[in-house]
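Here is how names work: the chains are called A, B, and so on, in the same order as the sequence lines, proteins then strands, and each is numbered from 1. Reckoned from all heavy atoms, side chains included, excluding hydrogens, waters and symmetry mates.
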Protein chains: 2
Amino acid sequence: MPTARRTAAVTLHDVAREAGVSLATASRALNGSARTVNDEYRQRVLAAANKLNYTTNLSAQAVAKGSTTSVALLVGDIADPYFSSIAAGVIKGSEDAGLIVTMSVTERSSQRELELVRALRGQRPRVIILAGSRSSDEEHQAELARELEAFEANGGRVVFVSQHELPFDTVRIDNYGGARALADALVGLGYTRFAAISGEAALLTATDRLAGFTDGLAAHGIRIPDEHVVTGGFTRDGGFDGALELVDRGLDGVELIFAVNDVMAIGAMSGLRSRGIEPGRDIAIAGFDDIQTVRDVTPALTTVGIPLFEVGESALAVALRARDADAERDLSVATSVVLRASTPGLPAS
Amino acid sequence: MPTARRTAAVTLHDVAREAGVSLATASRALNGSARTVNDEYRQRVLAAANKLNYTTNLSAQAVAKGSTTSVALLVGDIADPYFSSIAAGVIKGSEDAGLIVTMSVTERSSQRELELVRALRGQRPRVIILAGSRSSDEEHQAELARELEAFEANGGRVVFVSQHELPFDTVRIDNYGGARALADALVGLGYTRFAAISGEAALLTATDRLAGFTDGLAAHGIRIPDEHVVTGGFTRDGGFDGALELVDRGLDGVELIFAVNDVMAIGAMSGLRSRGIEPGRDIAIAGFDDIQTVRDVTPALTTVGIPLFEVGESALAVALRARDADAERDLSVATSVVLRASTPGLPAS
DNA sequence: TTGAAAGCGTTACCAC
DNA sequence: GTGGTAACGCTTTCAA
């Protein structure tokens, strides 16, 4: 049973005393870099630390060294597979580098994002990674940039995932190109009449994908009529509602619905079904991201793959690499079209 | 463009000087609790802090106060919706309480879990929340308990999610009861011949659920033959493979497959399909957890619902409540059977 | 209410 | 190599 009495945590001081060496030596033996300490002493210190169940006080260490071992990660919504996959990559990379990751969620609000970055600076993390920011909100962008610049000026590193409007390192996801390639492949399958479910206009990810898709179609002389483009939340429910709205507006002739991300596409499939329209048979559907579950929905979803886990790992790698003046600030990860049963080939007409 | 020159971070000292007050006053104005500082001074300090873009160095504050504002969360796999939903709850609760959450993943290894707890102690978090531990591995359990007790002895709080073998506060999920209720409901639907896909024997969550299920059936005089119980990883692929193995062993007569969690159940559905068996039509299937996506797979999955987000919030609430000697250490969250299309009612025979 | 100064647990510089 | 000791940035007595 855990002791009720609260004992003081054992400090390096205690360890040093126990081992019969100086504070300095104990410090060197436990955390000091090079082997500058006599092996016998080292052993004694290690033994004492172990005996006393000592653990370095990271805060104190941070104050003394002037730097921490933490990475701050900002995501829009951790329960969204897009973000949790990226987070998994960031965490993996961090643990390999001996870093601790702290995580906050912006709830996709740039207001909240700004507040969090401000608060996070107090943590003095080595790195701040912003995933799924990409708001085009002018006012907050400027404030955010100021905050982030101050952070970098003090030696911190900033990495964005996906966005490209602020002058910081970014792991860029080729949303435009991926969507464009998807459009191309779909036309190749014989589709000619499309509808789309997009996200709020302020979300760059959504607008880039939609732009890529429409441009891809345009290259084949195809246009999506305005009334066949709806906008909704970047979530499953957003997709569900978007599909309903599309149905209400009239889907006459539409052969395929493109949702700007998989979660929305999956929601859209359920939305269509709720109206008696069977995805993959009555209408084709495609998404973006290639999250795990798209393989298990019926029909399996056509989408654009992004190596999400690697994106997370790369973000950390970028942050940790030498801060080279003329290093390329952007790292691009490739996307790839994955055709599945939700977009069966159309018979040549 | 971010400055290349690295400037020293602004300290409380700078703020005090700028405001023309003492260090102590600046500290009190910025972080001190009660209003013990003259309003004019307070304003001046606030203005100075704002002007200099100051943020409190949390590490230094932690050293001085002897306590941090962080919560350490351990999960098995952040990309798993079960954990990410709980994490979302923990994060929400923490942010409301002004706490920062740091997150680590154990990869479902109790070895790794132990290492992480050791490392985490250095952080001196206010709280350590262990979600999805529940290993019955004797050796690690003892070591883990020792580590956690030391942590509590120094004033930290420990909360487990779901487990119940160690003497710490826990938000208990009624895995046994939920599975039992599920079995009951299924029998009520007319099912009599079952198979199950479980997790490794060391995973208490898996064994509890299986036990509840079999006991629930037993109450109706039904037994699952040993050859119809397979074991696999606690993941989508584990479910997929489990289904294949079941098929290979011979599914003759089996009407319903129970997978001990939704992710596995969804994998199992795909596994069955890959063998030409249509879930919901040729065979029924049920899972556990009621994660978001079970609504969107076809057929929608019958499962046992757990308020995952609330579980996360509760875990934090439990950790933050007064450390009352005779407070009930366990908080139980209810589960609820949710019948969906994957288990259609059977015609009375 | 305010300021001086003594910590908090580490690290790092500087002699020895 | 090793030990003393001044930082690190903050909070919190303790007097004034």
Side-chain angles (χ1 to χ4, degrees), chain A residues 6-46 48-49 52-70 121-125 154-156, chain B residues 6-45 48-49 52-70 121-126 154-156:
Chain A
R6 172 166 177 171
T7 66
V10 9
T11 75
L12 189 56
H13 208 100
D14 303 323
V15 176
R17 183 157 17 76
E18 173 79 22
V21 301
S22 76
L23 227 197
T25 301
S27 171
R28 288 189 276 250
L30 256 16
N31 315 307
S33 44
R35 57 158 35 280
T36 168
V37 49
N38 178 305
D39 212 57
E40 191 203 320
Y41 278 10
R42 155 172 261 107
Q43 297 306 334
R44 265 205 271 160
V45 172
L46 260 31
L52 299 180
N53 207 350
Y54 168 80
T55 47
T56 305
N57 181 323
L58 261 29
S59 294
Q61 192 171 61
V63 175
K65 293 174 104 132
S67 75
T68 63
T69 57
S70 76
R121 280 185 54 206
Q123 239 184 93
R124 305 281 188 276
N154 296 338
Chain B
R6 172 165 177 171
T7 67
V10 8
T11 75
L12 188 56
H13 208 100
D14 301 325
V15 175
R17 184 157 14 77
E18 173 80 22
V21 301
S22 76
L23 228 196
T25 301
S27 170
R28 289 190 273 251
L30 255 18
N31 315 307
S33 45
R35 56 159 36 279
T36 168
V37 49
N38 179 305
D39 211 58
E40 189 203 322
Y41 278 8
R42 154 172 263 108
Q43 297 305 336
R44 265 205 271 160
V45 172
L52 299 181
N53 207 348
Y54 168 79
T55 48
T56 305
N57 181 323
L58 262 27
S59 293
Q61 192 170 61
V63 175
K65 294 173 102 132
S67 74
T68 63
T69 57
S70 75
R121 279 185 54 207
Q123 237 184 96
R124 303 281 187 277
R126 273 240 252 284
N154 296 339

Chemist: Picking from C:dT10, D:dT11, C:dT1, which would you name as closest to the side chain of B:N38?
Modeler: C:dT1
Chemist: Can you tell me how far apart CG (A:N38) and CZ (A:R28) are? Round to the nearest 0.5 Å.
Modeler: 11.5 Å
Chemist: Can you tell me which nucleotide in D:dT2, D:dT11, D:dC8 comes closest to the side chain of A:V37?
Modeler: D:dT2
Chemist: Grab the CD-P distance between B:Q61 and C:dC8 for me, whole Å please.
Modeler: 17 Å
Chemist: Does anything in residues 11-19 of chain B reach DNA chain C, meaning a heavy atom under 4.0 Å, and if so which residues?
Modeler: none
Chemist: Starting from P on C:dG9, measure out to CG on A:L30 and report it in whole angstrom.
Modeler: 16 Å
Chemist: Could you state the atom-to-atom distance from NZ of A:K65 to P of D:dA6 in whole Å?
Modeler: 22 Å
Chemist: Does B:N57 make a side-chain N or O approach to OP1 or OP2 of D:dC8 shorter than 4.0 Å?
Modeler: no
Chemist: If the helix axis at each end comes from five base pairs, how far does the helix from C:dT1-D:dA16 to C:dC16-D:dG1 deviate from straight, to 10°?
Modeler: 40°
Chemist: Nearest whole angstrom, please: distance from the P of C:dG9 to the OH of A:Y54.
Modeler: 10 Å
Chemist: If you look at every heavy atom in B:T68 and B:A62, which pair is closest and at what distance?
Modeler: CG2-CB, 3.8 Å
Chemist: Only pairs under 3.5 Å count here: list side-chain donor-acceptor contacts from residues 14-25 of chain A, not counting sequence neighbours, and write none if there are none.
Modeler:
from	atom 1	to	atom 2	distance (Å)
A:D14	OD1	A:R17	NH2	3.1
A:D14	OD2	A:T11	N	2.8
A:E18	OE2	A:K51	NZ	2.8
A:S22	OG	A:A24	N	3.4
A:S22	OG	A:T25	N	3.1
A:S22	OG	A:T25	OG1	3.1

Chemist: Can you list the residues that meet the side-chain hydrogen bond (donor to acceptor under 3.5 Å, both in side chains) rule with A:S27, with sequence neighbours excluded?
Modeler: none
Chemist: Grab the CZ-C1' distance between A:R121 and D:dG9 for me, whole Å please.
Modeler: 15 Å
Chemist: Looking at A:N31, I'd like to know whether one of its side-chain N or O atoms comes within less than 4.0 Å of OP1 or OP2 on C:dT11.
Modeler: yes
Chemist: Checking B:R44 now: which residues fulfil salt bridge (charged side-chain N to carboxylate O under 4.0 Å, His left out) with it, not counting sequence neighbours?
Modeler: B:E40
Chemist: Considering only residues two or more places apart or on different chains, which pairs with a residue in residues 52-63 of chain A satisfy side-chain hydrogen bond (donor to acceptor under 3.5 Å, both in side chains)?
Modeler: A:N31-A:T56, A:N53-B:R121, A:T55-B:R124
Chemist: Check the distance between D:dG9's P and A:L58's CG and give it to me in whole angstrom.
Modeler: 18 Å
Chemist: Can you find a heavy atom in the side chain of A:S70 that is under 4.5 Å from one in the side chain of A:Q123?
Modeler: yes
Chemist: Under 3.5 Å, which N/O atoms of the protein pair with N/O atoms of nucleotides 3-5 of chain C?
Modeler:
from	atom 1	to	atom 2	distance (Å)
C:dG3	OP2	B:S22	N	3.2
C:dG3	OP2	B:S22	OG	3.1
C:dG3	OP2	B:T25	OG1	2.6
C:dG3	N7	B:R28	NH2	2.6
C:dG3	O6	B:R28	NH1	3.4

